[in-house]
There are 2 protein chains.
Amino acid sequence: MHLMAEKRGTSGGLRERKKRATRAALAEAAVRLAAEHGTDNVTVEAISAAAGVSVRTFFNYFDSRDDSFIAIDAEAGERVRRAVLHAPAGLSPLEAVREGLATELREIERQHGLWSLYARVLRTSPHLLVRHLGAHMADETGLAEAIARRIASGPDGPDGPAPGDRATPSADGGGDVGENERRRALDLYPRLLAAVAGTAVRVSVDYWCCRQEERSFAEVFRQSFDLLADGLPAPRR
Amino acid sequence: MHLMAEKRGTSGGLRERKKRATRAALAEAAVRLAAEHGTDNVTVEAISAAAGVSVRTFFNYFDSRDDSFIAIDAEAGERVRRAVLHAPAGLSPLEAVREGLATELREIERQHGLWSLYARVLRTSPHLLVRHLGAHMADETGLAEAIARRIASGPDGPDGPAPGDRATPSADGGGDVGENERRRALDLYPRLLAAVAGTAVRVSVDYWCCRQEERSFAEVFRQSFDLLADGLPAPRR
DNA sequence: AATCATTTTTGCAGAGCGTGCACTTTTGCA
DNA sequence: TGCAAAAGTGCACGCTCTGCAAAAATGATT
């Protein structure tokens, strides 16, 4: 039974560890087989055999064959969420999310081997790409909550006023924006930011894949978030 | 055989029309049955029977059972794309997309009956929601292309400079921002805008569903795009 | 109206997916 | 060492989806 990198999760009893190992073995076998033979030509039987368990056991770990293909980065969302919560106090929400994502992406670039296989699998079968994105959409809720908590605890941290304190360009003459509207924004804003940030990552990866020769990923990623921070202004021709 | 609203697509021979009718009948039967009995309790056999065709014929129209559940709005993306292309010349790209989407959403609100069933189905089974969003992601490419063409033809209308007129990438000795960087932005920008706009719609719908009593959808939708246009600034507490 | 090429529909066989159930093996603990 | 709980396994069964070849429907032509 091949084992994935055991970096994380050496805690718990033998039972717990073996469960994690089996799950990881199944997930890695799935990706390796899919990268080699194509997703459609990999049966659950083959994956189970490669991981050294029975077919029935496979379905004890995954609800469907496709789930096993996209099980690699199951914990990435949680790490980003925590990074946003513990980001330096001076950062705006958008900046905090950007930093958290950048860290995670660097982490992924370190485990380049398995991830390039994974990327090939996703590229080959769009069907799985959609499931992959769907899995990350589930993380959005947690991220939005982290953003909301960050805002609630103060955009400036415990120490001092804000650098990014923008004068509100309210369209209503003289009068301020209603208190109600401000409260409502608090609810919509975190969700929107979480979702839009995830989208920006996706588009950046997509764009970068077509032009790896011209630009580094970090550069594309940075530009995407700059565009967001500027309000997606029409580019000058 | 029940027929869906025949609003669009009365053109073509009898063959063509009958094919469209069969496909529509299958799609509608799928949604109605799923809304009533739950997605998991609807077999292909039941859908086919409700539409008056054989099981084998079902698979001549859809690659999978799930595809039949999300086949209602197959043409929405194309309509938005066209709306963006033909939007008033004075609008910025972001504004043009917002208007195109708003029009489509009003159109949907008109066919309230089937769409509320559809919404229930998507709400009940997240699995299908992901497929639904994936289907719309495919539209992103077309929308991005429309945005790019709109930018190329001039943000001020057809009376502007030539469409294919791209300044030569000269060595960036003179200006502040390099000419190369500006050209690159043209490529990344449309994709980012298309994707982010779709995301904003999704978040708006999601948010609105939880608070229909407090705010109209148009209001939420408008606020989301205002936040985008402002660069997602940290809300004031 | 009768004929014919084309397109669509259909039944059938078969591989693979996924689940419920009962049974065996392994694990952690007393 | 023995025991209760958890994990793994084999089997039966229904559903999904595909390939193939035959049957039915369609639209144009004579």
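Predicted model, so just to flag it, every value in this text is computed and none were measured. So you know, we letter chains A, B, ... as the sequences are listed, proteins then strands, and number each from 1.
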A.B. asks: Just the rounded figure in Å: distance from P of dG16(C) to CG of N41(A).
C.D. replies: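 These atoms are roughly 11 Å apart.
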A.B. asks: Can a donor-acceptor pair under 3.5 Å be found between the side-chain atoms of R56(B) and the base atoms of dG19(D)?
C.D. replies: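 Result: at least one qualifying N/O pair found.
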A.B. asks: Looking only at side-chain N and O atoms, does K18(A) come under 4.0 Å of OP1 or OP2 in dT27(C)?
C.D. replies: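 For dT27(C), OP1 or OP2 has a side-chain N or O of K18(A) closer than 4.0 Å.
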A.B. asks: Return the orientation label for the F58(A) and F62(A) ring planes: parallel under 30°, perpendicular over 60°, tilted otherwise.
C.D. replies: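 Geometry flag for F62(A) against F58(A): tilted rings.
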A.B. asks: In whole Å, I'd like the distance from the CD atom of E45(A) to the C1' atom of dT9(D).
C.D. replies: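 Interatomic distance, CD of E45(A) to C1' of dT9(D): 14 Å.
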A.B. asks: Taking CD from E16(A) and P from dG8(D), how many angstroms apart are they, rounded to a whole number?
C.D. replies: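 So the CD-P distance, E16(A) to dG8(D), works out to 12 Å.
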A.B. asks: Relative to each other, are the rings of W115(A) and Y118(A) parallel, tilted or perpendicular (30° and 60° limits)?
C.D. replies: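 Plane angle over 60°, so perpendicular.
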A.B. asks: Is the shortest side-chain N to carboxylate O distance from E16(B) to K19(B) below 4.0 Å?
C.D. replies: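 No, E16(B) and K19(B) are not salt-bridged.
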A.B. asks: Reckon D63(B) touches a base, only the sugar-phosphate, or nothing at all at heavy-atom distances under 4.0 Å?
C.D. replies: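 Answer is sugar-phosphate: D63(B) comes under 4.0 Å of backbone atoms only.
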A.B. asks: Can you tell me the distance, in whole Å, between the CZ atom of F58(B) and the P atom of dG11(C)?
C.D. replies: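 Roughly 16 Å, once rounded to whole Å.
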A.B. asks: OP1, OP2 of dC15(D) versus side-chain N and O of T43(B): anything below 4.0 Å?
C.D. replies: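 Result: no.
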A.B. asks: Working note: E78(A) + R81(A), criterion salt bridge (charged side-chain N to carboxylate O under 4.0 Å, His left out); need CA distance, chi angles, decisive distance, verdict.
C.D. replies: CA-CA 5 Å; E78(A) 173 61 18; R81(A) 192 188 130 275; 2.9 Å; yes
A.B. asks: Give a yes or no on whether a salt bridge exists between E28(B) and R32(B), defined as a side-chain N under 4.0 angstrom from a carboxylate O.
C.D. replies: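 Between R32(B) and E28(B) there is a salt bridge, with a charged N closer than 4.0 Å to a carboxylate O.
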A.B. asks: K19(B) side chain N/O closer than 4.0 Å to the phosphate oxygens (OP1, OP2) of dT8(C)?
C.D. replies: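 For dT8(C), OP1/OP2 do have a side-chain N/O of K19(B) under 4.0 Å.
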A.B. asks: Without decimals, in angstroms, what is the distance between F59(B) CZ and dC20(D) C1'?
C.D. replies: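 Interatomic distance, CZ of F59(B) to C1' of dC20(D): 16 Å.
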A.B. asks: Tell me: CG of D67(B) to C1' of dT16(D), nearest whole Å?
C.D. replies: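 Taking atom C1' of dT16(D) as the reference, CG of D67(B) is at 13 Å.
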A.B. asks: What is the distance from CG of N60(A) to C1' of dC21(C), rounded to the nearest Å?
C.D. replies: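 One finds 12 Å between C1' of dC21(C) and CG of N60(A), rounded.
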A.B. asks: Taking OP1 and OP2 of dG8(D), is either one under 4.0 Å from a side-chain nitrogen or oxygen of T57(A)?
C.D. replies: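 For dG8(D), OP1/OP2 do not have a side-chain N/O of T57(A) under 4.0 Å.
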A.B. asks: Give a yes/no on whether any side-chain N or O of Y61(B) is located under 4.0 angstrom from OP1 or OP2 of dT8(C).
C.D. replies: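 Result: no.
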A.B. asks: Let's test your reading of the model: under 3.5 Å, does the base of dT27(C) pair with the side chain of R15(A) as donor and acceptor?
C.D. replies: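 Such a pair is found, so the answer is yes.
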A.B. asks: Scan every strand shown for a Watson-Crick or G-U wobble partner of dA30(C), both distances under 3.5 Å, and answer none if you come up empty.
C.D. replies: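 Base-paired to dT1(D).
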A.B. asks: Calculate the interatomic distance between D40(B) atom CG and dT16(D) atom P; express it in whole Å.
C.D. replies: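 It is 10 Å, rounded to the nearest whole Å.
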